[in-house]
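Worksheet: one structure, shown below.
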Amino acid sequence: MGFWFQWMILALTAEFLIVAAEYFKPFNVSYDHRAMIIDGKRRMLISGGIHYPRATPEMWPDLISKSKEGGVDVIETYVFWNGHEPVRGQYYFEGRYDIVKFVKQVGSSGLYLFLRIGPYVCAEWNFGGFPVWLRDVPGIEFRTDNALFKEEMQRFVKKIVDLMKEESLFSWQGGPIVMLQIENEYGNIESSFGPKGKDYMVWAAKMAVGLDAGVPWVMCKQVDAPEYIIDTCNGYYCDGFKPNSDKKPVVWTENWDGWYTSWGERVPHRPVEDLAFAVARFFQRGGSFQNYYMYFGGTNFGRTSGGPNYITSYDYDAPIDEYGLLSQPKWGHLKDLHAAIKLCEPALVAVDSPQYIKLGPKQEAHVYRENAHSSGQNLSFHESKCSAFLANIDEHKSATVKLFGQAYTLPPWSASILPDCRNIAFNTAKIGAQTSIKTVRFDDTSYVNNPVNLQMMVPNQVARISETWNSVKEPIGVWSNSNFTFQGILEHLNVTKDRSDYLWYSTRIYVSDEDILFWKDNQVSPILTIDSMRDLVYIYVNGQFTGGAKGKWIKVVQPVNLKQGYNDITLLSQTVGLQNYGAFLEKDGAGFRGQIKLTGCKNGDIDVTEFMWTYQVGLKGEFLKIFSIDNNRSAEWTEFERDAIPSNFSWYKTQFDAPGGVDPVVLDFGSMGKGQAWVNGHHIGRYWTLDAPKDGCQTCDYRGSYDSNKCTTNCGKPTQAWYHVPRSWLQAADNLLVIFEETEKTPFEISIKSGFSETICAKVSESHYPPLHAWSSPKITNGTISLKTMIPALHLQCDAGHTISSIEFASYGTPRGSCQKFSKGSCHAPNSFSVVSEACRGRTSCSVAVSDAVFGGDPCHGVVKVLSVEVRCSSSSYISSASMK
Ligand SMILES: *[C@@H]1O[C@H](CO)[C@@H](O)[C@H](O)[C@H]1NC(C)=O
Ligand SMILES: *[C@@H]1O[C@H](CO)[C@@H](O)[C@H](O)[C@H]1NC(C)=O
Ligand SMILES: *[C@@H]1O[C@H](CO)[C@@H](O)[C@H](O)[C@H]1NC(C)=O
Ligand SMILES: *[C@@H]1O[C@H](CO)[C@@H](O)[C@H](O)[C@H]1NC(C)=O
Ligand SMILES: *[C@@H]1O[C@H](CO)[C@@H](O)[C@H](O)[C@H]1NC(C)=O
Ligand SMILES: *[C@@H]1O[C@H](CO)[C@@H](O)[C@H](O)[C@H]1NC(C)=O
Ligand SMILES: *[C@@H]1O[C@H](CO)[C@@H](O)[C@H](O)[C@H]1NC(C)=O
């Protein structure tokens, strides 16, 4: 008995230990006017946004570790209410919505977590994160002083805070959560609600704080936030930002490092030189916490994309791309920036506010020198901690400035970071990090017609998409017993509850002989008008497609051909991502507004609004789940021949083998029209091949204020052609691909691709700053840090699963050009190639010091030398899988 009893205790204790696993020693979080105070110490924190449902759980560990390696201290995420409570009172915390697992993974990697509960999150996410059932609560008004809304909001916020507590995930429990957010950019719309807006905001703040989470709460873009909540900045630049009290630190909750886009629009990019400048300026001018929105953007799988009309990719031009690969040089340059800021942290936190020194008309310095007296001891000039930032905000000219008697040259629109107030560790405009050029491999059985990056496409011997396709037609209009008839036009979301994008409306109009004659005599046709419509409508008359329109609350005017007698008018109303931004979301709705009329008739307009309408929600294939592995046979699939004429509204299915190796996999739907796709039953998202405008993609200059129209690509090409299929959704062979296509496109040109950084380049000058690790063992002479003996280095790193297989170019001297266009200059060390080859070939990563000594002496005296290198990475698994076939 005693023995077993002891065992029981041991077993229980062990279990308890597992449940209560601490990621940190419990610590408290507070703040003062200067910074967040973590475990009693002020901290300068770099945060990176990763939204857990925009990746798969299998991707999370890699994304978190790449964030950590990039110098991120905190992972930020929103909480997605509609993912967690799809049906009122029925919670879901599994799969991509396993938030507890995500937070634990962040904690076990040693990073902190910033949880932005909202629960309104905007986020270009369907309905801004609100569950669609919320709008059906009678009498509810969102985000204002409305008891019903407040009750629902509080219940969900409490649910999340309690869940985090139960799982011991707050800092004081040894978990990673250091900060929380309530509401989201409410200040933008508060005035729309009159005095009730303010009351609601104060209620939300009190309610949040009343949940006893034990860590600070923030409200972003909320200038009137109460004194116990930190009001924070969102934007491209936040260096001038001041919170509404001198007791609060300067926090930047969203640094927009890129932007989202819509179907048919250009793809925005933010240059890293400008992004780094914005971050350096923020810390220069007293900022203390900065979050990249996004550090990894990911994918809007399924129908999670917000709207209207946001694309499935949420890449956001983030430092980690949609597929989880490093986006270089963005990731690397920011990593160098973060390391430089970290070197300044002791001085930044030691000082209440920096000393401002004007250096020129558009040049300035901020110096953080520890106050000798505040440190409790008398320190000499050199002993006190001192860090400085120099900035040149001139967009056109570089400037030479002097600080403490030393001269520094600053490129235009740049900031330099001097961790010791003397030596430059980093300049925002000088990139030392590698550039990576991604190569895409495609299956060799498909036709390749994607003009993007064609020169970088290589046939992949492994991936194969079957040449056999099956198809089944989706009925036009009513398809099941779930149809119903109602007099009048019902609001789209009231009917679909967002269970589908699609809602069919059908009615019948009687046309007399008189009308037919009238139209014939006057050579006119009647016109169907819809006062107002969103997001998309297709109009069918007697089963024939007649026209369509897309837009947001636009008027539709469609000439129609009618016959004598009864005519069936069928309208297919579609949403393409529910509205995620603005006041009164619950009233916004979708579909049709106002009247639907037939105009141009002999005896005046016919108002069909109040006719009897028959409704059918969704597609037959959707509701029979013919895309799922179990139900793939539930439809009457027939083989679709290559020369068959494709028809609108068809489902297609086939099978494919996954590309070998670990590289990310995409399906290229550039040849398709509009629809949705599933792989092995996983909904990979909506697709829509709409070209961006032909012009407006001018070459991009990092200098000057950024906005989302400044640097764009894909002009004249589809906004999105490639759709991410996460590796964890694939098996080696026989993956089931099912697509629903609305237009008359054939599926035969769909191809499977995989990509990785095949070509990587770097270019580092011998006058570049010493490697940041040099600062950890600096030479100190007479109290002054001397980095003169530390030499800069060039680093190269292939993606996971790849090694450097060849050196395409290497020159130490005065090489010209940029990546893929390097050429030797007049000065060239003859052993450049062998030195780089020795250091890099066969390795996944390598470093080469940029100095004469390494290249066997000075190849040209009195000239500043540069090392330029281009290498090729290859996948060993690719080669081995290929040979298996
Ligand atoms: C955190 O603060 C609370 C309340 O002030 C205190 O009781 C607790 O000991 C602190 N915990 C740590 C780890 O400092
Ligand atoms: C620090 O310096 C001040 C003035 O220079 C002097 O009055 C004071 O005694 C010194 N304190 C210590 C601890 O050396
Ligand atoms: C529409 O619903 C009615 C009533 O449930 C049913 O009789 C009819 O067959 C349905 N139509 C179709 C096409 O399924
Ligand atoms: C949606 O339905 C509710 C009743 O369920 C009704 O009160 C509301 O007015 C409807 N909304 C619209 C826009 O028709
Ligand atoms: C198919 O839809 C397109 C618009 O997407 C339209 O132009 C075409 O006429 C339609 N064809 C048929 C047969 O419905
Ligand atoms: C289709 O469904 C059947 C069972 O209905 C299943 O055995 C088969 O594996 C499925 N096919 C694919 C490609 O998943
Ligand atoms: C060392 O510092 C002292 C006092 O700051 C100064 O007088 C001296 O010239 C310095 N020596 C060198 C080699 O810089």
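Predicted model, so just to flag it, every value in this text is computed and none were measured. Both ligands and their constituent atoms are indexed starting at 1 by order of listing.
Applying the side-chain hydrogen bond (donor to acceptor under 3.5 Å, both in side chains) test to every pair with at least one member in residues 206-219, sequence neighbours left out, gives no pairs at all.
For Q487, the CD atom is densely surrounded, since the number of other residues' heavy atoms within 6.0 Å is greater than 12. Under a cut-off of 6.0 angstrom, the local environment of NZ in K473 is crowded, with over 12 non-hydrogen atoms contributed by other residues, nucleotides or ligands. The neighbour count for K342 NZ, taken as heavy atoms of other residues, nucleotides or ligands under 6.0 Å away, is above 12.
When the side-chain hydrogen bond (donor to acceptor under 3.5 Å, both in side chains) test is applied to D568, the partners found at least two apart in sequence or on another chain are R508. Applying the side-chain hydrogen bond (donor to acceptor under 3.5 Å, both in side chains) test to E586 and every residue at least two apart in sequence or in another chain returns nothing.
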Run the numbers on F130 and F149 for ring-ring contact (aromatic ring centres under 6.0 Å, His included), then give the verdict.
CA-CA 11 Å; F130 285 132; F149 178 76; 5.8 Å; yes
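For ligand 1, none of its N or O atoms has an N or O atom of D39 under 3.5 Å away.
Protein residues lining ligand 4, listed by chain and number: E491, N494 [non-hydrogen atoms, distance under 4.0 Å].
At a cut-off of 3.5 Å, with distance as the only test, no side-chain donor of S471 or S650 sits close to an acceptor on the other residue.
Atoms of ligand 1 lying under 4.0 Å from any heavy atom of P26, numbered from 1 in the order shown and given with element: 13 (C). Heavy-atom contacts of N483 reach the following atoms of ligand 3: 1 (C), 2 (O), 3 (C), 8 (C), 10 (C), 11 (N), 12 (C) (cutoff under 4.0 Å). Residue contact check: V478 has heavy atoms under 4.0 Å from atoms 11 (N), 12 (C), 13 (C) of ligand 3.
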